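I have placed the structure first, in the form of structure tokens, so that the comments after it can refer back to it.
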Amino acid sequence: MAYNFKEIEKKWQNKWYSEGTFFAKDDYTMKKWYGLIEFPYPSGQGLHVGHPRSYTALDVIARKKRMDGYNVLFPIGFDAFGLPAENYAIKNHIHPKITTEKNIEHFKSQLKSVGFSFDWSREINTTDPEYYKWTQWIFIQLFKKGLAYKATMPINFCTGCKVGLANEEVVNGVCERCGSPVVQKEKSQWMLKITEYAQRLIDDLDDLDYLDKIKAQQKNWIGRSEGAEVKFKLDGLQDELIVYTTRPDTLFGATYMVIAPEHPLINKYSDKITNLADVEDYKQKASLKSDFERSELNKEKTGVEIKGLMAINPVNNKKIPIWVSDYVLISYGTGSIMAVPAHDTRDFEFAKKFDIPMVQVVSPKNADSTIDISQEAFTDVEDGILINSDFLNGLTVKEAKKKIIEYLQEKGIGESKVNYKLRDWVFSRQRYWGEPIPMVYCEKCGWVSIPEDELPLILPDIKDYEPGENGESPLAKQEEWINTTCPHCGGKAKRETDTMPQWAGSSWYYLRYMDPHNTNELASKEALNYWNQVDWYNGGMEHTTLHLLYSRFWHKFLYDIGVVPTKEPYHKRTSHGMILGSNGEKMSKSKGNVINPDEIIDEFGADTFRIYEMFMGPFDQTASWSMESIRGCGKFLDRVWNLQDMLKDGDSFSPKFEKMMHKAIKKVSSDIEEMKFNTAISTFMSMVNEFYREKEINKAEFKVLLQLLNPFAPHITEELYSKLSDTTIADTPWPTFDESKTIDDEIEIPIQINGKLKATISIALNSPESTVKDIVHQNSVIQKQLEGKNIVKEIYIPNKIYNIVVK
RNA sequence: GCGGAUGUGGCGGAACUGGCAGACGCGCUGGUCUUAGGAACCAGUGCCAACGGCGUGGGGGUUCGAGUCCCUUCAUCCGCACCA
């Protein structure tokens with residue numbers, strides 16, 4: 001008989017939400033645990049089945065932690081600024097504030113229907129002025145410390161809509177909406193100096209409990225490399241071209257230089273360049289390409305030789321040509337490189353295409369591995385010996401790097417240099433629906449931050465969401481808002497009209513949860529000291545580079561100015577896999593494979609939905625939705641429900657189930673901590689199967705089963721438990737196990753002959769080897785197998801396996 | 001091109017430091033009960049020329065023993081800023 005989940009789930013949810021069952025306590029003497037999920041963007045489509053995967057996982061852990069006696073903070077909020085609301089407003093002339101409010105209400109009711117144990121009293125919303133007041137406050141602190149600055153950076157500009165576009169909105173070089181070509185347009189923008197924290201962002205990973213793959217991705221993104229800057233004199237000029245290279249050892253093999261199309265050298269010496277038209281033409285073409293496009297063009301190298309200018313290789317004084325090509329990026333290193341085609345794949349391809357000579361300067365140490373430099377670049381660093389390199393000849397690559405840097409430093413033509421791939425954070429958006437940047441520009445004083453007591457700087461209500469001229473923010477049209485006075489000199493000044501990116505609000509939200517209603521500070525010292533650090537943060541892999549890095553950067557900054565007591569925001573970081581449609585493809589409206597959580601809950605109930613999301617596969621891997629499998633989870637809960645019919649009295653485990661119970665407590669406890677939710681659930685299923693086999697279960701066993709299952713399926717378990725006890729499961733301590741009762745005293749071990757399984761025998765745990773040997777040799781199957789064969793060796797791994805090697 | 005991952009029955013997946021491959025679930029087959037079943041319960045279910053043999057993407061290797069370790073190769077997914 002199926003249980004009435006609709007009635008039961010509603011009943012318990014009403015109780016939880018009206019009584020504040022899961023509110024974190026303000027008792028700062030208790031041991032605490034802070035679990036965090038990435039707060040959702042409240043999109044118009046409502047909750048995606050992917051959200052509850054992460055939320056249920058941490059809900060399971062949070063519920064267990066409460067039973068373990070922790071004061072648990074498990075908060076929720078909404079990251080509500082962003083593009084879709086704004087684009088919707090442009091199309092339908094509805095204020096983003098209204099749609100955002102509506103979407104949040106929808107999300108809230110959906111989240112509540114899944115029965116998450118969030119602390120709803122601490123709900124935050126990044127678009128709330130009381131919240132973004134502090135986002136703006138942090139920006140001002142960054143500005144005061146010189147970490148926010150203005151720089152000219154290109155934006156994607158749609159030539160049709162005359163709007164700045166996000167990378168996402170540029171598809172194949174054209175505007176996603178109108179199909180017009182997108183060009184790069186220079187614009188003065190606010191930048192945040194995250195690069196100043198690059199080394200700390202790498203070093204401090206060591207003390208964190210992040211998944212290794214997450215640490216690897218962060219490190220790779222920051223991309224520290226050690227190399228050298230080398231100065232190349234320009235032939236006949238007093239000027240020089242500085243390059244960054246990680247392979248200074250190959251300096252003798254540098255046969256040409258390449259500069260980025262945006263490199264200032266071109267303008268500076270335009271009068272010397274004899275093919276200026278060609279160069280300018282190339283530059284123009286490159287500017288039409290988005291970053292994305294430029295990176296796509298990996299098949300075919302393009303470039304133009306800059307005629308009239310030559311560089312001089314400082315170690316051998318040879319004149320080498322200078323090329324311009326977009327495979328060199330102005331944003332990395334010095335925007336120019338020395339090209340060593342014999343030992344770099346990209347340089348090789350380029351040289352090959354334009355028929356530029358190559359000089360091999362490294363040869364394989366291992367004489368067997370012959371290398372043909374005319375076929376491919378030799379890039380192996382480990383196995384290389386320098387040749388054709390004067391005083392470096394005979395050295396290994398490693399030795400040569402050291403020696404050449406010493407030489408360069410001595411001669412004043414270069415120095416060792418650490419470089420990072422990481423670039424400063426472009427913080428301006430030419431958009432309406434974001435936090436206003438609290439800055440004004442005064443002709444006399446330059447950029448000045450607004451006084452902190454004037455925060456929040458409220459985003460003005462507007463009617464026209466269309467962007468301003470030339471890709472300006474819609475705010476640029478708000479004359480009365482823009483014109484203000486300078487906080488410094490009192491003279492005329494203009495407000496910044498760009499807004500902050502969506503990353504801003506999400507860079508510090510975990511701090512606000514600690515003390516969400518504080519009007520004096522972003523959070524009180526007491527709250528910050530007590531909640532300290534997020535103990536466990538789960539989110540998607542797609543946020544492990546940008547969001548995670550940005551918020552670590554802000555946190556470190558806040559630590560530096562004495563606002564927070566910890567160097568790092570998140571102690572532990574895990575990630576969940578995506579949920580795909582049943583066809584194995586990403587869920588999307590156009591593919592028609594979207595699963596609506598409301599419909600699933602309506603048909604199967606929240607508990608079944610939760611169990612299924614946790615059972616569908618390993619938590620950290622992608623999984624495809626399956627309607628058939630979710631039915632099986634519903635069936636499992638029906639079987640749990642029907643266990644009541646077999647209920648017997650008993651205040652302690654009966655002997656036949658005692659071992660199973662202790663093992664289950666152990667297994668489920670560790671599985672939850674390790675996020676192996678799918679195997680925890682399979683343990684429950686096996687237990688239930690066992691009770692059915694014996695057609696009985698006593699009260700003690702049933703209670704423990706319900707307690708263990710409660711974090712996964714909180715409604716049905718509370719309902720069943722309420723029939724056995726006056727307390728709720730949420731108020732009971734997590735069950736404990738006795739290690740000695742998880743060990744079997746009789747075990748089965750396999751017997752192999754030459755590594756092939758032939759039989760299994762049953763022995764007492766820890767039997768002496770001689771006893772086991774006797775039992776093995778008495779086994780009839782084994783005797784038969786051994787007939788006429790010579791035993792070479794017998795291997796016994798205690799309590800594991802017995803293997804006989806024969807000839 | 002770079003970075004991160006993943007390949008195990010018809011399907012989703014399990015297997016602690018190398019030690020009985022396929023737990024658990026879906027599906028399928030048979031049975032019980034039933035007016036009926038897309039319900040419930042019970043049993044079976046990796047493959048094959050089945051007393052035996054073969055099996056964890058392919059090919060090598062290490063080992064008494066490999067899904068697990070090493071080399072090599074193929075395929076798929078995700079992210080990206082050609083990172084010198």
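Convention: sequence-line order gives letters A, B, ...; per-chain numbering from 1. As the structure is a computational prediction, the values presented were derived from the model and not from experiment.
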task: Among A:V230, A:T255, A:L251, find the residue that satisfies the side-chain contact (heavy atoms from CB on, under 4.5 Å) test when tested with A:N313.
output: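 In the set A:V230, A:T255, A:L251, the residue that makes a side-chain contact (heavy atoms from CB on, under 4.5 Å) with A:N313 is A:L251.
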Using atom names, set out every protein N or O paired with an N or O of nucleotides 9-11 of chain B below 3.5 Å, distance rounded to 0.1 Å.
none

Atom [atom1], compared across [N] and [M]: separation rounded to whole Å:
| N | M | atom1 | result |
| --- | --- | --- | --- |
| B:A15 | B:A84 | C1' | 45 Å |
| B:G60 | B:U45 | C1' | 35 Å |
| B:A66 | B:G19 | P | 11 Å |
| B:G30 | B:C78 | P | 41 Å |
| B:U68 | B:G22 | C1' | 15 Å |
| B:G4 | B:C71 | P | 15 Å |
| B:G13 | B:G67 | C1' | 14 Å |
| B:U17 | B:G12 | P | 24 Å |

Quick one: label [X] by what it contacts on the DNA or RNA (base, sugar-phosphate, nothing), any heavy atom closer than 4.0 Å.
| X | result |
| --- | --- |
| A:N803 | base |
| A:N678 | sugar-phosphate |
| A:E628 | sugar-phosphate |
| A:S626 | nothing |

task: Take A:T246 and A:Q621, find for each the nucleotide of RNA chain B with the closest heavy atom, and name the residue whose nucleotide sits nearer the 5' end.
output: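 The residue whose closest nucleotide sits nearer the 5' end is A:Q621.
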message: I want to confirm an ordering. Mapping A:A216 and A:M685 to their closest nucleotides on RNA chain B, which one lands closer to the 5' end?
response: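 Its nearest nucleotide lies further toward 5', so the answer is A:A216.
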Going by an N to O cut-off under 4.0 Å, is there a salt bridge joining [X] and [Y]?
| X | Y | value |
| --- | --- | --- |
| A:R693 | A:E690 | yes |
| A:R573 | A:E38 | yes |
| A:E226 | A:R224 | yes |

Measuring from the side chain of [X] (C-beta onward, heavy atoms only), which nucleotide among [options] has the closest atom?
| X | options | value |
| --- | --- | --- |
| A:W221 | B:A81, B:C64, B:C41 | B:A81 |
| A:E748 | B:A15, B:C42, B:C20 | B:C20 |
| A:K213 | B:A40, B:A5, B:G12 | B:A5 |
| A:K676 | B:C26, B:G65, B:A15 | B:A15 |
| A:K756 | B:G65, B:G3, B:C54 | B:C54 |
| A:L757 | B:C41, B:C20, B:A84 | B:C20 |
| A:P618 | B:C41, B:A81, B:A14 | B:A14 |
| A:L329 | B:A81, B:G19, B:G13 | B:A81 |
| A:M578 | B:A84, B:C78, B:G12 | B:C78 |
| A:M541 | B:G25, B:G4, B:C42 | B:G4 |

Checking the side chain of [X] only, and the main-chain atoms of [Y] only, is there a donor and an acceptor separated by less than 3.5 Å?
| X | Y | result |
| --- | --- | --- |
| A:S336 | A:I242 | yes |
| A:N790 | A:V806 | no |
| A:T760 | A:I749 | no |
| A:D344 | A:V340 | no |
| A:N419 | A:S225 | no |
| A:K666 | A:F737 | no |
| A:Y210 | A:K213 | no |
| A:K215 | A:L208 | yes |

message: For A:F604 and A:Y612, I'd like to know if the aromatic rings sit close, meaning centre-to-centre distance below 6.0 Å.
response: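 No; A:Y612 has its ring centre 6.0 Å or more from that of A:F604.
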For [N], give the paired nucleotide (Watson-Crick: N1-N3 plus N6-O4 or O6-N4; G-U: N1-O2 and O6-N3; both under 3.5 Å), or none.
| N | value |
| --- | --- |
| B:G7 | B:C74 |
| B:C69 | B:G61 |
| B:U32 | B:A40 |
| B:C47 | B:G53 |
| B:G79 | B:C2 |
| B:A15 | none |

task: Mark yes or no for a side-chain to base donor-acceptor pair under 3.5 Å between A:D326 and B:C82, with no hydrogen or angle criteria applied.
output: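 By the distance-only test, yes, there is a pair.
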When you check the phosphate oxygens OP1 and OP2 of [N], does a side-chain N or O of [X] lie under 4.0 Å from one of them?
| X | N | value |
| --- | --- | --- |
| A:N689 | B:A23 | no |
| A:R639 | B:C41 | yes |
| A:Y420 | B:C83 | no |
| A:N754 | B:G65 | no |
| A:K635 | B:A40 | no |

Nearest-Å distance for atom pair [atom1]/[atom2], residues [X] and [N]:
| X | N | atom1 | atom2 | value |
| --- | --- | --- | --- | --- |
| A:L580 | B:G13 | CG | P | 10 Å |
| A:F615 | B:A14 | CZ | P | 10 Å |
| A:N642 | B:C41 | CG | P | 7 Å |
| A:M614 | B:G13 | CE | P | 14 Å |
| A:K215 | B:A5 | NZ | P | 14 Å |
| A:I761 | B:C20 | CD1 | P | 14 Å |
| A:K667 | B:C16 | NZ | C1' | 9 Å |
| A:Q218 | B:C2 | CD | P | 22 Å |

Which side-chain N or O atoms in residues 617-628 of chain A pair as donor and acceptor under 3.5 Å with protein atoms at least two apart or in another chain?
residue : atom : partner : partner atom : Å
A:S626  : OG   : A:E628  : N            : 3.4
A:S626  : OG   : A:S629  : N            : 3.1
A:S626  : OG   : A:S629  : OG           : 3.2

Syn/anti label of B:G9 as read from its glycosidic torsion, with the cut at 90° from 0: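 Glycosidic conformation of B:G9: syn.
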message: Can you pull out the residues from residues 792-802 of chain A that lie within a 4.0 Å heavy-atom distance of RNA chain B?
response: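 When residues 792-802 of chain A is checked for heavy atoms under 4.0 Å from RNA chain B, the hits, listed by number, are A:K793, A:I795, A:I797, A:K800, A:I801.
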